[in-house]
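Right, one structure below, let's go through it.
Letters A, B, ... mirror the listed sequences (proteins, then strands); counts begin at 1.
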Amino acid sequence: MVLVSVIDPSGQLSYWPVAVEPAPPPPPPPTAAPPLPTTSRKRKHEDEAASQPHIKKPRNAFMLFLNEQRPKVAAEKGMKGSAAVNAAVGQMWNSLSKEEQARYYEEAEAERLLHTMLYPGWSTAANYGKKRKRTERTDAM
DNA sequence: CCACCTTTGAAGGGC
DNA sequence: GCCCTTCAAAGGTGG
């Protein structure tokens with residue numbers, strides 16, 4: 001547990017208890033080690049993932065809410081697919097009091113700040129455009 | 001085996 | 001600067 005001194009947007013100096021335990025993606029190595037495989041057995045996945053870990057976007061309030069409610073809702077309602085559960089949790093979210101929602105917003109905000117501290121200058125653009133995700137909107141046509 | 005489906009939020013990218 | 005597109009998770013199912 002390391003206390004990281006950070007300046008809050010409010011100008012408040014706060015010490016963030018950064019737990020070393022929940023291992024976030026490792027910092028990018030200053031020098032890319034040349035992977036010289038004596039036997040070219042490894043497929044591209046391992047090498048690319050090892051050299052450049054896809055640093056994921058900071059999750060929003062919902063992702064935090066989802067990760068808490070999803071297993072419970074899935075167990076209670078016996079839902080199979082994640083999509084159905086996510087939709088159900090989404091409805092629960094709308095039923096939440098703004099104070100309860102605000103709690104997740106603050107956690108999400110803290111996580112974003114933590115992400116920024118861990119990866120200064122990192123842009124979400126790293127993973128941008130990787131998935132196709134069509135969300136085909138029929139209204140366009 | 002990976003993309004889809006889904007949610008809202010957050011953020012980038014385009015205009 | 002504003003609006004739209006894309007990712008973030010995540011699990012079974014389909015292509």
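- The distance from atom CE of A:Met79 to atom P of B:dT6 is 14 Å, rounded to the nearest whole Å.
- With rounding to whole Å, A:Phe62 atom CZ is found 6 Å from B:dG9 atom P.
- Near DNA chain B, defined here as any heavy-atom distance below 4.0 Å, the residues from residues 87-98 of chain A are A:Ala87, A:Trp93, listed numerically.
- Applying the side-chain hydrogen bond (donor to acceptor under 3.5 Å, both in side chains) criterion to A:Ser97, with sequence neighbours excluded, gives A:Glu100.
- A:Tyr104 forms part of a hydrophobic cluster together with A:Phe62, A:Met63, A:Leu64, A:Phe65, A:Leu66, A:Val73, A:Met79, A:Val85, A:Val89, A:Met92, A:Trp93, A:Leu96, A:Tyr105, judged by ILVMFWY side-chain heavy-atom separations under 4.5 Å.
- Note: NE2 (A:His115) to C1' (B:dG9) measures 15 Å, nearest angstrom.
- Rounding to whole angstrom units, CG of residue A:Asn67 and C1' of B:dT8 are separated by 14 Å.
- Among pairs with a residue in residues 57-80 of chain A, those fulfilling salt bridge (charged side-chain N to carboxylate O under 4.0 Å, His left out) read A:Arg59-A:Glu111, A:Glu68-A:Arg103, at least two apart in sequence or across chains.
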Between protein and nucleic acid, restricted to nucleotides 10-15 of chain B and to nitrogen or oxygen atoms under 3.5 Å apart, what atom pairs and distances do you find?
from	atom 1	to	atom 2	distance (Å)
B:dA11	OP1	A:Arg112	NH1	3.2

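- Between A:Lys131 and C:dA8 there is a side-chain N or O to OP1 or OP2 distance below 4.0 Å.
- The heavy-atom pair separating A:Ala108 from A:Ala61 by the smallest distance is CB-N, 3.4 Å.
- The nearest whole Å value for the distance from the CE atom in A:Met63 to the C1' atom in C:dC7 is 8 Å.
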Contacts under 3.5 Å, N or O only, protein and nucleotides 11-15 of chain C:
from	atom 1	to	atom 2	distance (Å)
C:dG11	OP1	A:Arg70	NH1	2.7
C:dG11	N3	A:Ser82	N	3.3

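- Annotation: A:Lys98, atom NZ; neighbour count of heavy atoms from other residues, nucleotides and ligands within 6.0 Å does not exceed 12.
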* Asked: Checking side chain to side chain contact (heavy atoms under 4.5 Å, CB included) for the pair A:Ile55/A:His115: CA distance, chi angles, key distance, verdict?
  -> CA-CA 9 Å; A:Ile55 303 178; A:His115 180 108; 3.4 Å; yes

